[in-house]
Amino acid sequence: MLEKITNTFGDIVRNLSGKSKITEKNIEETVEQIKMALLEADVNLRVVRRFVNATVEEAKGEKVLRAVDPGQQFVKIIYDKIVKLLGDEKVDLQLKGPDTQSVILLLGLQGAGKTTAAHKLAFRLAKESRRVLLVACDLVRPAAVEQLKILGEKIGIPVYAEDGAKDAVSVAKNALLYAKKNGLDTVIVDTAGRLQIDEAMMKELVDVKNAVNPVETVLVADAMTGQNAVEIAKSFDEQLSLSGVILTKFDSDARGGAALSLKSITGKPILFIGTGEKTEDFEPFRPERIASRILGMGDIVSLVEKAQETVDAEEAKKLERKMSRGEFTLNDMLEQFERVNKMGSLSSIMEMIPGLSGKIDESKLNLDGMKKQKAIIQAMTKKERANHLIIGPSRRKRIARGSGTSVAEVNKLIKQFEKTKLAMKKLTRNKSLQAQLMGQLGGMR
């Protein structure tokens, strides 16, 4: 995610942070590096000029040149400017109360990921106790209706569709009546796109919008198309008055041009980003957190939130009691592997850790390591998982055969487990060490 620009900005930040004195020459050299990084990231030229001019103007002020810690002060100016580019602060959907119907109209070109975004958004809103209906109004793309039905069934969200329908406006109107009759307070309308903007598509979208009177008119755009996404947003906004944008494939965007240009050029906020293929890989767009990642500072807050989503409080307490008593088993270790997997890819998790953001080469990560460890534990019997001490030489050979690994790898896993178990026991009994660890995490925010 944003690897290229993160690498460049991370180097700039590390260089500035070590300086006890900032001169006008330092500022000019750094700003030139920033300008090149933004242009290479496919950021709009007008946006780059504004960013550079504002940064130079503030950085050359007395505040930085004579600051107690000028390097850090300069970094703070860069951070603030990037946050402003991205939109200043998180913007929420303006949905009505649960007793009133709220319609969200999704627009976009073919291939941007509208249908996938629709089901991800529905899943998120359902978790927030909204009663959601998905509406299949893409009557142009072959199999679009069927795709939405499958995705809706996957997440347990009803889908309104009319097989063989030709009129999207009629489907949309009937869907609102269906939602009202069934007590569904949030209606997400998936509309038709084209390979490019054309008059027929725009007329249909305008008619659908007039028919459903949405509280949110949201463009779904592909982050990887950079400046093209910004131009598409401008065109849709001119005719349909967008309220916001969802950027899909954000996890695959190495440059960040769309994210860094959209708000400045269109005035429309980025509401959500798609961060992977799973239903759960969809999160609110928080400018300050994305800015932290771009500058190589990580995003501990989002990491903690991801962890909280996969572990409830009662499970955490139960696990802590087990660890303090030395009762942590290989079965518990397997469950932790599964939870980490739910949080997303290992590379996406590591990107949130300060110092590692933008420095991850996924090809060099030992992604097979965890898979092997899971396979080894899964090849064990219930008794072996509950008590690793009974796993002697013959059992280790059998486990190696069953997991497609070697005895040496089985031995390594058991040794690692024993070290982990001991470390966890010490941590749960050492309150000062826990406080120190939490203090370090707090300091990273």
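Numbering starts at 1 and runs along the sequence shown.
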Mind running side chain to side chain contact (heavy atoms under 4.5 Å, CB included) on M380 and I376 for me, showing each step along the way?
CA-CA 7 Å; M380 296 176 184; I376 290 168; 3.9 Å; yes
Run the side chain to side chain contact (heavy atoms under 4.5 Å, CB included) check on T55 and F74 step by step: do they pass?
CA-CA 9 Å; T55 304; F74 193 6; 3.9 Å; yes
Give a yes or no on whether [X] atom [atom1] has more than 12 heavy-atom contacts from other residues, nucleotides or ligands under 6.0 Å away.
X    : atom1 : value
K84  : NZ    : no
E153 : CD    : no
E277 : CD    : no

Ring centroids only, cut at 6.0 angstrom: are F272 and F282 within range, meaning strictly under it?
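Yes, the ring centres sit under 6.0 Å apart.
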Between L93, L125, L121, which is the residue that forms a side-chain contact (heavy atoms from CB on, under 4.5 Å) with T186?
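One option only clears the test, and that one is L125.
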Candidate pair L133 and Y178, rule side chain to side chain contact (heavy atoms under 4.5 Å, CB included), full reasoning:
CA-CA 9 Å; L133 175 69; Y178 177 89; 3.9 Å; yes
Salt bridge check, [Y] against [X]: does any charged N sit closer than 4.0 Å to a carboxylate O?
X    : Y    : answer
D281 : K120 : no
E89  : R286 : no
D190 : R141 : no
K35  : E32  : yes
E283 : R124 : no

Using only heavy-atom distances, determine whether the side chains of [X] and [Y] contain a donor-acceptor pair under 3.5 Å.
X    : Y    : value
Q416 : Q373 : yes
S261 : Q227 : yes
D332 : T329 : yes

Apply ring pair (Phe, Tyr, Trp, His ring centres under 6.0 Å) to F123 and list each qualifying residue two or more places apart in sequence or on a separate chain.
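None.
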With K263 via side chain to side chain donor-acceptor pair (under 3.5 Å) - residues at least two apart:
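Result, side chain to side chain donor-acceptor pair (under 3.5 Å) vs K263: none returned.
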